Amino acid sequence: MKTQELINTARTLVANDKGFLAIDESTPTCKKRFAKLGIPQNEETRYIYREMIVSTPGLSESISGAILYDETIRQQKSDGGSFVKALTDVGIIPGIKVDTGAKAMAGHPGEKITEGLDGLRGRLAEYVQMGARFAKWRAVITIGDSIPSRGCIEANAQALARYAALSQEAGLVPIVEPEVLMDGDHTLEHCCEVTEETLRMVFDQLYRQRVMLEGIILKPNMVLPGLTCPQQNSVEEVAAVTVACFSRAVPAAVPGVAFLSGGQSSELASARLNAMNIKFKSQVPWELSFSFARAIQQPAMGIWGGDSTNNVAAQDALYHRAKCNRDARRGEYNAVIDGT
Ligand code: 5MM
């Protein structure tokens, strides 16, 4: 394990107020998002769309790293180069989603366990050869009647830790993603309890699996009320409870917390990140960053709609959202101008 290289890469990924662009939707997820917009759901269209996204002029002003999917990292761009080369050429660090998806967990109705550990050492070595510098794994925790169970949280935390250890062994920075879903009518306080328990378990398992915390990035959910909870808290409340929750559970050695957007609107995701940075940036030991898929891509995907004559307008929208989130890292996001 090249310890100092891992630490340097992790720090670079959260430096200069930049964050991650997640374009690692699995094929089924990408198909669903394209279907909603009437975009053809085939490999060629996914390729054309992602080529348009990574070619956005000025993207590296706000984006430090891009998370690719297995299909994408293997594709050649129309100029003959790879997506990895296109990103590296503009100063964006390429990474790869390495889990193989969250599947129904045996004996745990309504809960999921993420798969992908079998053969992972070999796959990681291949991704390193292709030029990836970090690897991402997502675990899904659902809030509902009598769930999440301890068994589900523990199994997912252990899988995250085992993937993280293998990633560091291969020289890849693990982007550790435990996501407590927004689905449901639970309160902000309940989400806080579940998120804290999950994070404590994840860090316990990372310790047991001898993962070097200085060389990882945490990619968690923000602490939010469920989508159908009657009480939707203010941006400031969400920011304060999220930071309080993480302060109790995330060790100071971790260089960065890069939130996922999880189905929030693009504007709310930026506003909540902004509120955290305005008030707490100087009080917390880690960078408060972003690793958004929907909250960066959704407007651009809608404008593009499968038609290349919309490329420039779609790239403008993507550039704008990426910049909004860089501004949010600085506590300079202007929700009024952005139309929130
Ligand atoms: C939670 O999803 C991650 C962040 O995306 P959002 O900001 O839209 O919440 C995302 O990186 C996710 O892990 C990938 O899109 C892969 O997800 P699937 O469900 O396609 O495996």
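Order of listing sets the numbers, starting from 1, for every ligand and every atom in it. Remember, predicted model here, so these are calculated numbers, not experimental data.
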### Task
Please assess Met182 against Asn221 for the test side-chain contact (heavy atoms from CB on, under 4.5 Å), listing each intermediate value before the final yes or no.
CA-CA 9 Å; Met182 277 171 79; Asn221 54 288; over 6 Å; no
### Message
What verdict does the side-chain contact (heavy atoms from CB on, under 4.5 Å) test give for Val176 and Ile217, after you've listed the backbone C-alpha separation in whole Å, the side-chain angles of each residue and the deciding distance to 0.1 Å?
### Response
CA-CA 6 Å; Val176 175; Ile217 301 293; over 6 Å; no
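The distance between the ring centers of Phe134 and Phe20 falls below 6.0 angstrom.
Using a 4.5 Å cut-off on side-chain heavy atoms (C-beta onward), Leu160 and Gln205 make no contact.
Contacts of ligand 1 (protein heavy-atom distance under 4.0 Å) are Ala22, Asp24, Glu25, Ser26, Thr29, Lys97, Lys136, Arg138, Glu177, Glu179, Lys219, Leu260, Ser261, Gly262, Phe292, Ala293, Arg294.
A salt bridge between Arg121 and Glu169 is present, with a side-chain N of the basic residue lying under 4.0 Å from a carboxylate O of the acidic one.
With rounding to the nearest 0.5 Å, the separation of OG1 in Thr114 from CD in Glu177 is 9.0 Å.
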